[in-house]
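Notes to accompany the following structure.
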Amino acid sequence: MNPLRARLATIAAAGKLGWAMESNWADPFLFAVYFLVRPIATTLILVVMYKVVTDGRTGTPFFAALYIGNAFFQYVGQVLFGVSSAVQEDREHYQMLKYIWSAPVSTLDYLIGRGLTKMATGTVAVLVTLAFGWVFLGVSFDAGVVRPLLALAALALGLALLVFLGLAFAGIELNRTHGQAPLQEGAAGVLYLCSGAIFPPEVMPGPLAALCYALPTTWWIEALRRALLGHGWCGALSNWSDGAILGVLALQVTLFAAPCVWLYKVLDRRARRKNLIDWTTGF
Amino acid sequence: MLPLVSISAYIFVYRAMGAPKDYEGFVVLGGAMTPFWLAVLWGMASQFYWERESGNLELYLAAPISRMSILAGMAAGSMITITTRAIAVVALGAVVFGVEFAPRSWGALGLAFVLTMAALYCMGMLGASLFLLFGREAWHMVNLFQEPIYLVSGFFFPVRALGRTIALFASLIPLTLGLDAMRQTLFPEGAAQGLLPVGLELAILAALAAVFFLLAGRALDYMENRAKREGRLTLRWQ
């Protein structure tokens, strides 16, 4: 088998395994309920918060922008932390990481494959959330405003970014136990806070707003918002064209890719050297 | 700072909407109570599931002690760290976001907290009996009971906003009434948007604690016997 086909086969097998682990614990009905309830509940928290303050006026540009940002932010939890939590899941819970790591496959490809599963489940969650907003909450997607190519380009770049970041986090996870400082919770909190996902960055104090614009997730969500609603809500980007925002996002993804892969490889080597691949702590 | 970071986004959302300052207090209070719910889910309801996965459950069940005392002991241990975290969230919320907590009655506030914890942890014990029968779905069930419960219990907004019927149904989860009572006691806006009078909420919480306690004892015995009959007590990775 040529190297490329071998790598693709690893990614596909890991994706299939990830899907089995995600889905085969319940009958399809219960799984569907589980799958739909969580994203909708997460979204409804914000919806009720909004309604209680504004007396239920959901047909505003602010609400649409908030809704879109929150919907797509679900990818962060699914993909970024899905890739890294696969390490803990496989090592501690199923205790099979050592077999995968000793198999003649690229562990990088294996984790990317697991990330693809999360990408697929995340896509369903995002679509369900968008459909829910469209049907029940009056979040309208005007055909004359929606730009599918911009949306697809932004989505692809954003997902690539999340996979690369996920690999870096996976490397860190290889070297720490589940019980140590809640890395994922902290990172998720910081990204949710500083990505302009559910409020414009300008609401925050100056240094934090500046941090928002340094994070690629802000540019990613802003590009998606423009693609689907025709407008963004990041004040500092209001004079930037869609192409410029996409260009900056592409540049950020490129800048993040190599260091993330490098970090994963360094941390993977460290974990192997320190015999952490079959480390179980009984958390 | 970490616990505060995760709820700061909701505070800034309220700021972006121009909500009254008390709403930021609702978020801080909800954020402070979140770890208690997570502890009940992960450290109590699903505790026996984790013990089974790690191979300890047989040892617990062979010991001549009450199952409820095992769970209560574990909960007591985790309460120290969780309470510290909750206090940190409240303190940081006051310092960083300028949230003002002005209890109308310290007695009512303390009673609301204690009764909420009692009812909540008894409910956790009841949940532990169910988890004895769960396989891998336990992990997913625990996940399922997070955000949806934050929603129906009104962790970050007055629960009355959900409508009285849903709110009363959600009152079966002690945190719903507990949070509402604490909100009413701590914030003027909370008092204006309360679900039920504080006294009535406290009485219901006391009743919930008693009912959950009695049910938990019976359910643990029943589920343990059933799990033994069905051979589930030592099953792992299923």
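Just so we're on the same page: letters track the sequence lines, and every chain starts at 1.
Annotation for Gly186(A) and Val5(B): closest pair O-CG1, 4.5 Å, computed over non-hydrogen atoms. Nearest approach of Phe157(B) to Met49(A), heavy atoms of both residues: CD2-CG, 3.9 Å. Nearest heavy-atom pair across Glu147(B) and Thr42(A) is CG-OG1, 3.3 Å.
Both the backbone and the side chain of Val203(A) come within contact range of chain B, with heavy atoms under 4.5 Å apart. Heavy atoms closer than 4.5 Å to chain B are found nowhere in Phe31(A), neither backbone nor side chain. With a 4.5 Å cut-off on non-hydrogen atoms, Tyr23(B) touches chain A through its side chain but not through its backbone.
Of the inter-residue distances, the one linking Leu66(A) atom CG with Met17(B) atom CE reads 5.5 Å to the nearest 0.5 angstrom. The CZ atom of Arg38(A) sits 5.5 Å away from atom CD of Gln146(B), with the distance rounded to the nearest 0.5 Å.
Contacts with chain B were tallied for Leu46(A), Leu193(A), Thr54(A); Leu193(A) has the most, counting heavy-atom pairs under 4.5 Å. With chain A as partner, the option from Pro20(B), Pro148(B), Pro158(B) having the largest number of non-hydrogen pairs under 4.5 angstrom is Pro148(B). Each of Pro200(A), Ala41(A), Gly189(A), Pro39(A) has some count of heavy-atom pairs under 4.5 Å with chain B, and the biggest count is that of Ala41(A).
Side chains of Phe199(A) and Ile11(B) form no contact here, defined as non-hydrogen atoms less than 4.5 Å apart. Taking the side chain as every heavy atom from C-beta outward, Val52(A) and Arg160(B) never approach each other to under 4.5 Å.
Taking the six-membered ring for Trp and thresholds of 30 and 60 degrees, Tyr192(A) and Tyr10(B) have ring planes more than 60 degrees apart, a perpendicular arrangement.
The number of heavy atoms from other shown groups lying within 6.0 Å of CD (Glu58(B)) is above 12.
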